[in-house]
Undergrad: 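Just dropping this structure here.
Throughout, protein chains are lettered first and strands after them, A, B, ... in sequence-line order, and every chain is numbered starting at 1. Bear in mind the structure is a predicted one, so any value in this text is a computation, not a measurement.
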Protein chains: 2
Amino acid sequence: MAPPPRRPPEPDSAKPRLNRDLVLTTALRLVDTGGLEALSMRRLGQELQCDPMALYRYAASRAELLDGVTELVLDELVIDADTSDWQEQLRRTAHAVRRLALQHPNAVPLLVTRPLSTPLGMRPLGMLRPLELILTLLIRTGFTPPDALHVYRAYYGFLYGHILNELQETVVNPEEEEPLLRLALYRLPPREFPRLRELAPVLAEYDGAAELDAGLDILLSGLAQKLKTDPADHSR
Amino acid sequence: MAPPPRRPPEPDSAKPRLNRDLVLTTALRLVDTGGLEALSMRRLGQELQCDPMALYRYAASRAELLDGVTELVLDELVIDADTSDWQEQLRRTAHAVRRLALQHPNAVPLLVTRPLSTPLGMRPLGMLRPLELILTLLIRTGFTPPDALHVYRAYYGFLYGHILNELQETVVNPEEEEPLLRLALYRLPPREFPRLRELAPVLAEYDGAAELDAGLDILLSGLAQKLKTDPADHSR
DNA sequence: ACCTGAACACCGTTCAAGT
DNA sequence: ACCTGAACACCGTTCAAGT
């Protein structure tokens, strides 16, 4: 984008020891393998074999480091605008986001939580890019900008809700842990939790992709319906 | 529920210095006023004027303390089953959860994040109670148990998604910060973020309750529709 | 001007020593 | 048997001292 920031003149064989991308990639790896609390400045410095203080060149604080990791994950998301069917497009994107979340489950708390600490306008650009892309897509296929925003909100809300849901119900080793889930549920006091206990077998068969599609069916048809019946309501 | 756990015999005027409820209430207060990172064992001990180690009687680790705070917040939720209209009931509950989130915004990351670290079956009972209550409600009004679970998932997913959405867009002082939001958005590179910039005025007028209701309209009518057309599909 | 690392002010938790 | 608090192994970040 902008020209690369000034850098000390170097003989072309000497690569810079560190750069932002390497720092963030390594940080994400730490999160992926050890969870969020495994990512500390000191641990990261050790991983990169550098003084922890050196990292502050690439992220001014741990909070900014976390934002950087969030951006990095979101950068993996590809939203191709090659189809003109907005419903199909939103559906594909939803599944792409779902896959991303399953690939980086430990980073999901970051995705849902970092934006809470930073007002929309001051977020790193990488966190706003998917929003802009989806707005563009919706507006291009005929929605007014305010309607596009409404659709985005309903869609994004549902999508992130689903992902939280799925990760909550997902167990690491389905085959091995399913009996464990049953056992755990039967441990619940029967008087107080009859329904949950009774649903143990159904809970064990959770199918995330199908559940997501079922939800999208409802949401998308509802949105299409609503926006067809009052296409000019941008009063709010 | 169960008889209170054994306690050293005490003259009836001597109240126990500490108890779980006091510990959790104070912990929640710390979170409410200072955010999640203001809640440390040491700080909490200092607030309760006791040795930090004494807290380990009431929560075996910081993680369990966080779970306890989550339970405490969820306990504030009242789901009254006095109406027979499930849609109305879910709508009221959704607004109750929304109000709860707005009352304890700093605890929301806990609500969405804690369940990710604990398999459903081993969660503290307080975290499972709302799930059981809503399942009961849905089954009582005629849903089969598996359908009730599907409805719950779509509903809960949407609801939590909305809350994350709303808290992300919410600014602390609307009057004062609205110009700031505009300013921040205009700071975005125009070539890359034309849509977001153009939507600045609309973003500034976000109305959470209305947005929630609009989403619920879509979701609930979609659910009612779907479950009416294939009422016996519990195959999955 | 930049980089380094010692030092500060915190953490959660273990465990030995007291009662 | 229970409770206390010193000690351990970590943190993020500041800032003075080096280059």
Undergrad: Please report the distance, rounded to the nearest Å, between CG in Asp51(A) and C1' in dT19(D).
TA: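 Going from Asp51(A) (CG) to dT19(D) (C1'), I get 15 Å.
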
Undergrad: Quick one: which of dC11(D), dG5(C), dC11(C) gets closest to the side chain of Ser40(B)?
TA: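 Taking heavy atoms from C-beta onward, the closest nucleotide is dC11(C).
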
Undergrad: Which nucleotide in the list dT13(D), dG5(C), dG5(D) gets nearest to the side chain of Tyr56(A)?
TA: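 Given the options dT13(D), dG5(C), dG5(D), the side chain of Tyr56(A) is closest to dT13(D).
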
Undergrad: Please determine which of Val69(A), Leu100(A), Thr70(A) meets the side-chain contact (heavy atoms from CB on, under 4.5 Å) test together with Leu111(A).
TA: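 One option only clears the test, and that one is Thr70(A).
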
Undergrad: Of the listed nucleotides (dC3(D), dG5(C), dC2(C)), which one gets closest to any side-chain atom of Arg57(A)?
TA: dC2(C)

Undergrad: Looking at dG12(C), dG5(C), dC2(C), which one has an atom nearest to any side-chain atom of Arg42(B)?
TA: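 Of the options given, the side chain of Arg42(B) lies nearest dG12(C).
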
Undergrad: Within this structure, what is the CG-to-C1' distance between Leu65(B) and dT13(C), rounded to whole angstrom?
TA: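 To the nearest whole Å, that distance equals 14 Å.
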
Undergrad: Look at the side chain of Asn106(B) and the backbone N and O of Asp32(B), then say whether any donor-acceptor pair between them is shorter than 3.5 Å.
TA: yes

Undergrad: From CG of Leu44(B) over to P of dT13(C), roughly how many Å is that when rounded to an integer?
TA: 13 Å

Undergrad: Which part of the nucleic acid, if any, lies within contact of Met41(A), taking any heavy atom under 4.0 Å across all strands shown: a base, the sugar-phosphate backbone alone, or nothing?
TA: sugar-phosphate

Undergrad: Among Leu137(B), Leu149(B), Thr136(B), which one satisfies side-chain contact (heavy atoms from CB on, under 4.5 Å) with Arg195(A)?
TA: Thr136(B)

Undergrad: How far apart are the closest heavy atoms of Leu74(A) and Met127(A), and which atoms are they?
TA: CD1-CA, 3.8 Å

Undergrad: Using atom CZ of Arg17(B) as one end and atom P of dC3(D) as the other, report the distance to the nearest whole Å.
TA: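 From Arg17(B) CZ to dC3(D) P: 13 Å.
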
Undergrad: Looking only at side-chain atoms of Arg43(A), point me to the closest of dT14(D), dC11(D), dG12(D).
TA: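 Of the options given, the side chain of Arg43(A) lies nearest dC11(D).
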
Undergrad: Quick check: closest heavy atoms across Pro201(A) and Arg182(A), and the distance to 0.1 Å?
TA: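 Closest heavy-atom pair between Pro201(A) and Arg182(A): CB-NH2, 3.6 Å.
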
Undergrad: Considering residues, nucleotides and ligands other than Glu37(A), do more than 12 of their heavy atoms fall under 6.0 Å from its CD?
TA: no

Undergrad: DNA chain C: stems of at least 3 consecutive Watson-Crick or G-U pairs, cut-off 3.5 Å?
TA: C:4-8 with D:12-16, C:12-16 with D:4-8

Undergrad: Round to the nearest Å and state the distance from Gln46(A) atom CD to dG12(D) atom C1'.
TA: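 One finds 16 Å between C1' of dG12(D) and CD of Gln46(A), rounded.
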
Undergrad: If I take atom CG in residue Leu55(B) and atom C1' in nucleotide dG12(C), what distance separates them, rounded to the nearest angstrom?
TA: 12 Å

Undergrad: Got His95(A) and Leu212(A) here, is their nearest side-chain heavy-atom distance under 4.5 Å?
TA: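 Yes - at least one pair of side-chain heavy atoms lies under 4.5 Å apart.
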
Undergrad: Is Arg62(B) near enough to dT13(C) that one of its side-chain N or O atoms lies under 4.0 angstrom from OP1 or OP2?
TA: no

Undergrad: Between atom CG in Leu18(B) and atom P in dC2(D), what is the gap in whole Å?
TA: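 Those two atoms, CG and P, are 17 Å apart.
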
Undergrad: To the nearest angstrom, how far is Gln49(B) atom CD from dG5(D) atom P?
TA: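 It works out to 14 Å between those atoms.
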
